[in-house]
Amino acid sequence: MTFSAGLNVSTSSVLRLAVRMSGSRSFVVTPTETWITLLSSLGGVFNMFLGVGLFSALEVLFLLCVRLPIEIKKSTEIENVSAVVQ
C-alpha cells in the first residue's frame, strides 16, 4: 500500500522524489549574525537613509526638555514686563 492510495486521481498530483545520499553533498549553515551586529547594521542603514543619528535624537530631547521651557519662561517674562510698562 502506498501513501497515495486514497487520493482522487482527477484532482490530485503526486511527486515522488528520491535522492542518493552517497553522491550528494551536505552543507552546514552557521549563522554569523548576532543581535548586536544586526542592530548595528540596522542603525547604519537608518543613519544613511533617514539622516537620524543618536546625537540628533539627543539634540531633539535637549531642545524639548531644556531649551523650550527656558524660552517659554522668557516669553512670559517679556509679556509681563510689557504689560506693566503699558
Side-chain angles (χ1 to χ4, degrees):
M1 177 180 255
T2 63
F3 65 92
S4 61
L7 292 176
N8 185 357
V9 188
S10 63
T11 60
S12 301
S13 299
V14 175
L15 173 67
R16 182 176 174 157
L17 182 65
V19 178
R20 289 183 298 153
M21 291 304 290
S22 62
S24 61
R25 296 179 182 170
S26 63
F27 296 97
V28 177
V29 178
T30 56
T32 57
E33 288 284 326
T34 63
W35 283 105
I36 294 172
T37 57
L38 177 67
L39 288 176
S40 67
S41 297
L42 289 176
V45 169
F46 288 145
N47 279 336
M48 187 185 321
F49 290 110
L50 297 177
V52 177
L54 176 64
F55 290 113
S56 298
L58 291 175
E59 287 177 7
V60 169
L61 285 174
F62 176 76
L63 175 72
L64 293 175
C65 296
V66 176
R67 296 290 295 175
L68 188 63
I70 291 172
E71 294 301 322
I72 290 174
K73 185 176 179 182
K74 284 183 183 177
S75 171
T76 56
E77 288 175 358
I78 291 172
E79 289 175 1
N80 291 339
V81 169
S82 64
V84 170
V85 170
Q86 292 176 357

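Note that the structure is a prediction, hence the values are computed from the model and not measured. Only heavy atoms go into these numbers, but all of them, side chains included; no hydrogens, no water, no symmetry mates.
- Grouping Ile, Leu, Val, Met, Phe, Trp and Tyr by side-chain contacts under 4.5 Å, direct or through others, puts Leu68 with Val60, Leu64, Ile72.
- The stretch residues 38-47 participates, sequence neighbours left out, in no salt bridge (Lys or Arg N to Asp or Glu O under 4.0 Å) pair at all.
- In the hydrophobic clustering (ILVMFWY side chains linked at under 4.5 Å, chained through shared members), Phe62 is joined by Val66, Ile70.
- Heavy atoms of other residues, nucleotides or ligands lying less than 6.0 angstrom from CG of Leu42 number more than 12.
- Listed by chain and residue number, nothing satisfies the side-chain contact (heavy atoms from CB on, under 4.5 Å) test with Leu39 (two or more places apart in sequence, or in another chain).
- Taken to the nearest 0.5 Å, the OG atom of Ser41 stands 11.5 Å off from the CD1 atom of Ile36.
- For Glu71, the side-chain contact (heavy atoms from CB on, under 4.5 Å) criterion is met by Arg67, Lys74, not counting sequence neighbours.
- Taking the side-chain hydrogen bond (donor to acceptor under 3.5 Å, both in side chains) definition, one finds that Thr34 meets it with Thr37, sequence neighbours left out.
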